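Within every chain, numbering begins at 1; the chains are lettered A, B, ... in the order of the sequence lines, protein sequences first and strands thereafter. Predicted model only: the values in this text are computed from it and were never measured.
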Amino acid sequence: MNIFGRGFDSRRLHHIILVAKREPVKKKSLGFSYVIFIVLMFGVLAGTQERPFLRVSVADSAYLSRSRNSERVPLPQRRRTVVIDPGHGGLETGAKGKFGALEKNITLSISKKLKAIIERDLAFNVELTRDKDVEVSLEQRTALANYHDAFIFISIHANSSFRKKARGPETYFLSLNATDRDARRLAYLENNESEIGDKIFGQDEDDIKMILWDMAQSAYLEQSSMLADKIQDELNSLLRTKNRGVKQAPFFVLAGVACPAVLVETAFLSNADEEKKLVSEAFQRQLAQAIFRGLVRFIREYSNE
Amino acid sequence: MSKEMPDRKGLIIAASLMVLLIILVVVFFSLGTRKSVELATSSLLSNPDVDSSHPHTVKTITLFFLSEKDGLLHSEERDILKSPSISLMGRQLVEELLIGSKNGMICPFPSETKLREFYLTEEGHAYVDFSREIREEHPFGSEADIATVYSCVNSLTHNFSDIKLVSILIDGRESQTLGGHVDLTRPFVFRKDLIAK
Ligand SMILES: [Zn+2]
């Protein structure tokens, strides 16, 4: 029996391991999926036990030390990690532009630029979920963020639509497919946060572990929404796009991340004009800078709360 | 002796006739009814002109297509055949969706996409199984992912209160995502914010 009673479909909650087993194309061994599972669980434990990144105190403004001003604030004992996720990779190319630009290349290029800016101007570690053209599963991307006890997770993509005229940047955070049952489950978790740790250790049941894993991002939706807001705002002023709000979607890569997490759709590859811009180094740098400014504003505001 | 023989013969013939009759009855009821139901439903589906003029056999549904202008889902009405089976009507709805808009809106499915199967559980969880073309010719962007999924999910849940959850399968199997973004492993619910006001 599971704690959420009859009718609760625990099968779904196993998707993270099951998908790895089911997809024959990726030829993942069972052992490998267990390694992923252990890494995932490590991340969840780290996230639910301490949640250090939930309490950003005034002292955290030290992270905003600017190296160029040479008055560096002494480093704290442990640097926090920002995880940047360049969308797609390898055979999984993502969207494709009319002139042949591939989403996977653009996302990697922007991500590397963003990493360089953060490392130059902020005292954070930056991890990329991939730094070359390889296929990385969505579970691995999520797991990497949790393994590093990430402070912030930013997934970088380029959009594509059935609409010919679609243009402009969009920043997303996770939407829950909240059925009544999910809402009750969520309320239970929110009200019993202290129990969560006990449950992970106290029970062998995989169900509970997977529920917690599954729900990881739901504890950070407010912060994720705020982060998305700041980034979208900066992208809007860069590209002079008006009336572009933050959006929500049930994106797989965000669901399990145990920290504020967003997915940035920089511009539309399905739009010929935007495709031309997206392949230019200058535009990619501008995008990275705008995302960076949004990130800094988020950290500032967060620190002052 | 000779007088008794025809009696016994008659008895054997009568008994075997009885057995044959029983077999025929069993065969008739086990196969015959199924066939007649199939015939009824297929004639219902293939001959819409027979009864569609009659208002009681038609249900007007609302489909949601993508608008070029605002990127939101806009409604379009369509008539399908009324049926006591929500599953049959759900299947018709998805097939109408795949035919596309008649008001110039965008059908957010690759043109070759077909509906393979449609199941509805007693709990109101619909499984819509699309052919693999849904993924092969897809734009692979987040916006396209969202449009495809919610055009289907919103159309089904808006028209049939009995359908509460919708899962999308591809080529008979559960897939992780459509174009690398939207999570297909968990069922979807109605999303009002994606529909134009
Ligand atoms: Zn993408």
Side-chain angles (χ1 to χ4, degrees), chain A residues 7 9 11-16 18-20 22-23 26 87-89 92-96 102-104 137-139 155 157-168 170 172 174-182 214 243 247-256 263-265 268-270, chain B residues 65-73 100-101 105-111 121-125 135 137-151 153 157 164-170 173-194:
Chain A
D9 187 2
R11 228 163 23 93
R12 275 187 274 130
L13 298 164
H14 287 281
H15 68 261
I16 289 193
L18 283 185
V19 166
R22 267 180 221 162
E23 280 186 12
K26 288 184 185 165
H88 313 279
E92 211 259 287
T93 56
K96 197 175 175 180
L102 296 179
E103 182 182 359
K104 63 171 186 175
S137 76
L138 296 176
E139 297 95 323
S155 188
H157 286 253
N159 217 339
S160 185
S161 175
F162 288 97
R163 298 187 295 141
K164 289 188 189 76
K165 290 175 200 151
R167 58 179 293 275
E170 290 174 346
Y172 288 87
L174 185 74
S175 70
L176 299 173
N177 284 328
T179 56
D180 292 347
R181 207 163 53 204
D182 287 339
D214 220 34
N243 305 325
K247 296 189 171 187
Q248 274 185 282
F251 288 144
F252 192 100
V253 77
L254 299 178
L263 188 146
V264 183
E265 290 286 356
F268 280 85
L269 262 178
S270 51
Chain B
F65 291 105
L66 182 66
S67 158
E68 174 71 54
K69 262 189 284 173
D70 55 11
L72 291 169
L73 298 171
S101 166
M105 283 186 289
I106 301 166
C107 170
F109 291 87
S111 56
T121 68
E122 280 179 18
E123 292 80 31
H125 188 162
R135 184 146 57 191
E137 297 298 320
H138 203 267
F140 292 119
S142 290
E143 186 181 293
D145 265 24
I146 293 166
T148 305
V149 166
Y150 284 101
S151 157
V153 171
T157 49
K164 295 184 175 65
L165 296 170
V166 179
S167 283
I168 291 176
L169 307 177
I170 300 173
R173 294 201 293 172
E174 187 184 82
S175 287
Q176 193 179 60
T177 65
L178 185 55
H181 312 94
V182 172
D183 184 351
L184 296 186
T185 66
R186 272 177 284 198
F188 298 96
V189 292
F190 182 73
R191 279 265 312 256
K192 198 182 176 190
D193 61 317
L194 299 174

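The number of heavy-atom neighbours closer than 6.0 Å to CD of B/Glu137, taken from other residues, nucleotides and ligands shown, is 12 or below.
Every side chain to side chain contact (heavy atoms under 4.5 Å, CB included) that B/Thr148 has, sequence neighbours left out, goes to A/Phe162, B/Pro108, B/Phe109, B/Ile134, B/His138, B/Leu178. Not counting sequence neighbours, the partners of A/Lys96 by the side chain to side chain contact (heavy atoms under 4.5 Å, CB included) test are A/Leu102.
Among B/Glu143, B/Lys69, B/Arg191, the residue with the largest count of heavy-atom pairs under 4.5 Å with chain A is B/Glu143. Put simply, of B/Pro110, B/Gly180, B/Gly71, the one with the most heavy-atom pairs under 4.5 Å next to chain A is B/Gly71.
Partner of A/Phe251 under the side chain to side chain contact (heavy atoms under 4.5 Å, CB included) criterion, out of B/Ile146, B/Thr177, B/Asp183: B/Ile146 alone.
With a 4.5 Å cut-off on non-hydrogen atoms, A/Leu254 does not touch chain B at all. For A/Ser161, the parts sitting under 4.5 Å from any heavy atom of chain B are the backbone and the side chain alike. For chain A, no part of B/Phe190 is nearby; none of its heavy atoms comes within less than 4.5 Å.
Of all non-hydrogen atoms in A/Ser160 and B/Pro139, the two that sit nearest each other are OG-O, 3.1 Å. Contact between B/His181 and A/His88 at its shortest, heavy atoms only, is NE2-NE2, 3.2 Å. Considering every non-hydrogen atom in both A/Asn159 and B/Ser142, the closest pair reads OD1-N, 3.2 Å.
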**Study point:** Worked check of side chain to side chain contact (heavy atoms under 4.5 Å, CB included) between B/Val182 and A/Phe252
**Key:** CA-CA 6 Å; B/Val182 172; A/Phe252 192 100; over 6 Å; no
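Atoms CG and OG, from B/Leu194 and A/Ser175 in turn, are 8.5 Å apart once rounded to the nearest 0.5 Å. Distance CD/A/Glu92 to CZ/B/Phe140: 8.0 Å, rounded to 0.5 Å.
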